[in-house]
Amino acid sequence: MSAEKNRAAREAGEAEAAGEHYAIVPRRVSFDWHGTPLHWIPDEPTATHVINVLHLLLPAGERWFVKVFKEGLPLVTDPELLKDVKGFMGQEATHSVQHSYVLDHLAEQKLSTEAYTRHIDFLFEKLLGEKPPWGIPFPAGKWLLYRLAFVAAIEQFTAVLGDWVLRAEGLDRAGADEIMLDLLRWHGAEEVEHRAVAFDMYEHCGGPDPACYARRVATMCVTAPVLLWLWISGAAYLIRHDPQLTGRPRYSLREHNKAIDKGLLPPWRELGAAIPRYFRRSYHPSREGSLRRAVEYLATSPAARAAAGAVGRAALGRRE
C-alpha cells in the first residue's frame, strides 16, 4: 500500500509541476454506516454537527451542479475540458448520493432533517433552477452563465474545505469515526482533484465578454454570506433537534471556536482568505490545495480502494 501511495503521489506531483493534464474520474464508492454513532466526534456535538451540515447541503447542491453543467455541455468546444466536465459531473453525482445516505442514517438515529433540507431543495430547484426566479428578464443564455458562476464560487470553498480535511490531524486525535473520516477525506480529495473544473467551465462559456470578471465577483459576493448563513443555521438546526442532547441545546459560537482551537473545524481565517484570492483577475483554482496530497489519500482510502477493486474485478469478468 505504501508503494502504491508513493507512486500515485509522485505521478500527481510530476503532472502538477509540469502543468500536464490530470484525468478526473468518478469512483463508485460505498460506506457502511451501521456502526457510526450520532456524535461521530466523541464528546464534540458542536464540531460533529457543524461538519454534518455538509450532509444537509450537498445532496441537493451537487445534484444541481450536475444539472447546470449538463445544460452547459453544448457550449463546451474544448475536448479536454469536455472530458474534465464529464468527470466532474460523475464525481459530484456520486458525492450527492453518498451524502444522502448519511441523512438516512441520521434519520435512523432519530435526527430527522427533512424540515431543513426542503428549504435547500427550494433554493437549488426553484431559486437557482433552469428559469430565473420571479420572472426576472435575463437576456438569453445569461442566466446559465450566472449559475455556472455560482457553481465556480461554491467550488472555491469546497476545494479549501477538501484540502483542510486532508490535513485535519485533530480529527484523528479526537478519535473521530473512521467511516465518516473516510467519506469526508475521499470527498475532499476529489474536490481538490477537480478544483479548477467549474472555474474553467465558467470562463470557457463566458468567453471574452468584459462582464465575465464582474459576474465572477458578484456571484462570490452573494455566495459567501449565503453559505455562512446556511452553515450556521444548519448547525443550529441539527444541535436543536439532536435527541441525545438534554435541556435546550443551542448552537454556540464559543463552542465552535473551541473546536477550531482543537483542530476539529477549519479556521475562520482560512475560509475567509479564500475570498480575496478569488477576486484577483489573475486567479486560477489550480493553486488551491495540493493535488499530490489528494491523490496520496485516494490511493489509501478504504472506500476508494474498494471501488477500484470492484472495477478491476468487473473488467476481469468481462474478459472471461
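- Here the CG-CD1 distance, from Leu181 to Ile51, works out to 8.0 Å after rounding to the nearest 0.5 Å.
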Evaluation steps, side chain to side chain contact (heavy atoms under 4.5 Å, CB included), between Leu75 and Leu144: CA-CA 11 Å; Leu75 302 178; Leu144 175 58; 3.8 Å; yes

Side chain to side chain contact (heavy atoms under 4.5 Å, CB included) evaluation trace for Thr94 with Arg28: CA-CA 7 Å; Thr94 304; Arg28 305 305 181 191; 2.6 Å; yes

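- Nearest heavy atoms, Asp182 versus Ser301: OD1-OG, 2.7 Å.
- We find that Glu125 and Arg118 are not joined by a salt bridge, their nearest charged nitrogen and carboxylate oxygen being 4.0 Å or further apart.
- Proximity of Arg173 to Lys262: side-chain heavy atoms (C-beta onward) are nowhere separated by under 4.5 Å.
- Looking at Arg305, its side chain does come within 3.5 Å of a backbone N or O of Ala299 through a donor-acceptor pair.
- Of the residues Thr113, Leu183, Thr117, Leu238, the one that meets the side-chain contact (heavy atoms from CB on, under 4.5 Å) test with His55 is Leu183.
- Using a 4.5 Å heavy-atom threshold, the side chains of Val165 and Leu171 count as touching.
- Salt bridge status for Arg27 with Glu193: present, with a side-chain N to carboxylate O gap under 4.0 Å.
- Salt-bridge check for Glu130 with Arg147: failed, with every basic side-chain N at 4.0 Å or more from each acidic carboxylate O.
- The main-chain N or O of Val97 is found under 3.5 Å from a side-chain atom of Ser100 such that the two form a donor-acceptor pair.
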Trp268 vs Asn257, side chain to side chain donor-acceptor pair (under 3.5 Å): CA-CA, chis, key distance, verdict: CA-CA 9 Å; Trp268 295 111; Asn257 288 334; 2.8 Å; yes

Worked check of side chain to side chain contact (heavy atoms under 4.5 Å, CB included) between Leu73 and Met89: CA-CA 11 Å; Leu73 281 179; Met89 292 168 67; 4.2 Å; yes

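- Of the inter-residue distances, the one linking Tyr297 atom OH with Leu166 atom CG reads 8.0 Å to the nearest 0.5 angstrom.
- A centroid separation of less than 6.0 Å is found between the aromatic rings of Phe88 and Phe69.
- For the atom pair CZ (Phe150) and CD1 (Ile154), the distance works out to 8.0 Å, reported to the nearest 0.5 Å.
- Between Met180 and Thr48, every side-chain heavy-atom pair lies at or beyond the 4.5 Å cut-off.
- A salt bridge is defined here as a Lys NZ or Arg NE, NH1 or NH2 lying under 4.0 Å from an Asp or Glu carboxylate O, and Asp200 with Arg195 fails to meet this definition.
- Nearest heavy atoms, Thr77 versus Pro79: O-CD, 3.5 Å.
- Summarising the geometry, atom CD belonging to Gln109 is positioned 5.0 Å from atom CG belonging to Leu38; distances are rounded to the nearest 0.5 Å.
- Taking every heavy atom of both residues into account, Leu54 and Pro59 meet most closely at O-CD, 4.2 Å.
- Salt bridge Asp242/Lys110: absent, no basic N to carboxylate O contact under 4.0 Å.
- Residues Thr219 and Tyr202 form no side-chain contact, since every pair of their non-hydrogen atoms from C-beta on lies 4.5 Å or further apart.
- Not a single donor-acceptor pair under 3.5 Å links the side chain of Asp121 to the backbone N or O of Ala60.
- Using a 4.0 Å cut-off between charged side-chain N and carboxylate O, Lys83 and Asp78 make no salt bridge.
- The number of heavy-atom neighbours closer than 6.0 Å to CZ of Arg269, taken from other residues, nucleotides and ligands shown, is 12 or below.
- Neither side chain, Ser96 nor Glu62, offers a donor N or O lying under 3.5 Å from an acceptor on the other.
- Here Leu123 pairs with Leu127, Leu128, Leu230 under the side chain to side chain contact (heavy atoms under 4.5 Å, CB included) rule; sequence neighbours left out.
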Residue pair His187, His99: steps toward the ring pair (Phe, Tyr, Trp, His ring centres under 6.0 Å) verdict: CA-CA 10 Å; His187 186 168; His99 284 280; 4.8 Å; yes

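- Judged purely by atom type and a 3.5 angstrom limit, Trp143 has no side-chain atom pairing as donor or acceptor with the backbone of Pro137.
- Summarising the local packing, CD of Glu178 is surrounded by 12 or fewer heavy atoms from other residues, nucleotides or ligands at distances under 6.0 Å.
- By the 4.5 Å heavy-atom criterion applied to side chains, His194 and Glu191 are counted as neighbours.
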Stepwise side chain to side chain contact (heavy atoms under 4.5 Å, CB included) check, Arg215 with Lys142: CA-CA 10 Å; Arg215 193 183 299 116; Lys142 296 301 182 183; 4.1 Å; yes

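- With contacts defined as side-chain heavy-atom distances shorter than 4.5 Å, the pair Phe65/Leu148 does not qualify.
- What you find for Val192 and Ala159 is that their closest heavy atoms are CG2-O, 4.0 Å.
- The two atoms that bring Thr36 and His105 nearest to each other are O-NE2, 2.8 Å, heavy atoms only.
- The distance from the CG atom of Asp84 to the CE atom of Met201 is 11.0 Å, given to the nearest 0.5 Å.
- Atom NE2 of residue His204 and atom CG of residue Leu82 lie 9.0 Å apart, to the nearest 0.5 angstrom.
- Applying the under-4.5 Å side-chain rule to Ile, Leu, Val, Met, Phe, Trp and Tyr, the cluster around Leu227 extends to Phe157, Phe199, Tyr213, Val217, Met220, Ile275, Tyr278, Phe279, Tyr283.
- Considering Tyr101, Trp40, Trp186 as possible partners of Phe31, the one that fulfils the ring-ring contact (aromatic ring centres under 6.0 Å, His included) test is Trp186.
- Salt-bridge check for Arg63 with Glu92: failed, with every basic side-chain N at 4.0 Å or more from each acidic carboxylate O.
- Proximity of Leu57 to Trp231: side-chain heavy atoms (C-beta onward) are separated by under 4.5 Å at one or more points.
- Taking the side chain to side chain contact (heavy atoms under 4.5 Å, CB included) definition, one finds that Ser252 meets it with Arg254, Glu255, sequence neighbours left out.
- At a threshold of 4.5 Å between side-chain heavy atoms, the hydrophobic network of Ile, Leu, Val, Met, Phe, Trp and Tyr places Val25 and Tyr22 in two separate groups.
- In the displayed structure, Asp43 atom CG is contacted under 6.0 Å by at most 12 heavy atoms of other residues, nucleotides or ligands.
- Across Ala174 and Pro42, no two heavy atoms sit closer than the pair O-CD, 3.4 Å.
- Less than 6.0 angstrom separates the ring centroid of His39 from the ring centroid of His49.
- The aromatic ring centroids of His241 and Tyr237 lie less than 6.0 Å from each other.
- Between the Asp163 side chain and the Ser290 main chain, a donor and an acceptor come within less than 3.5 Å of each other.
- In this structure, the side chains of Leu271 and Trp164 stay at 4.5 Å or more apart for every pair of heavy atoms.
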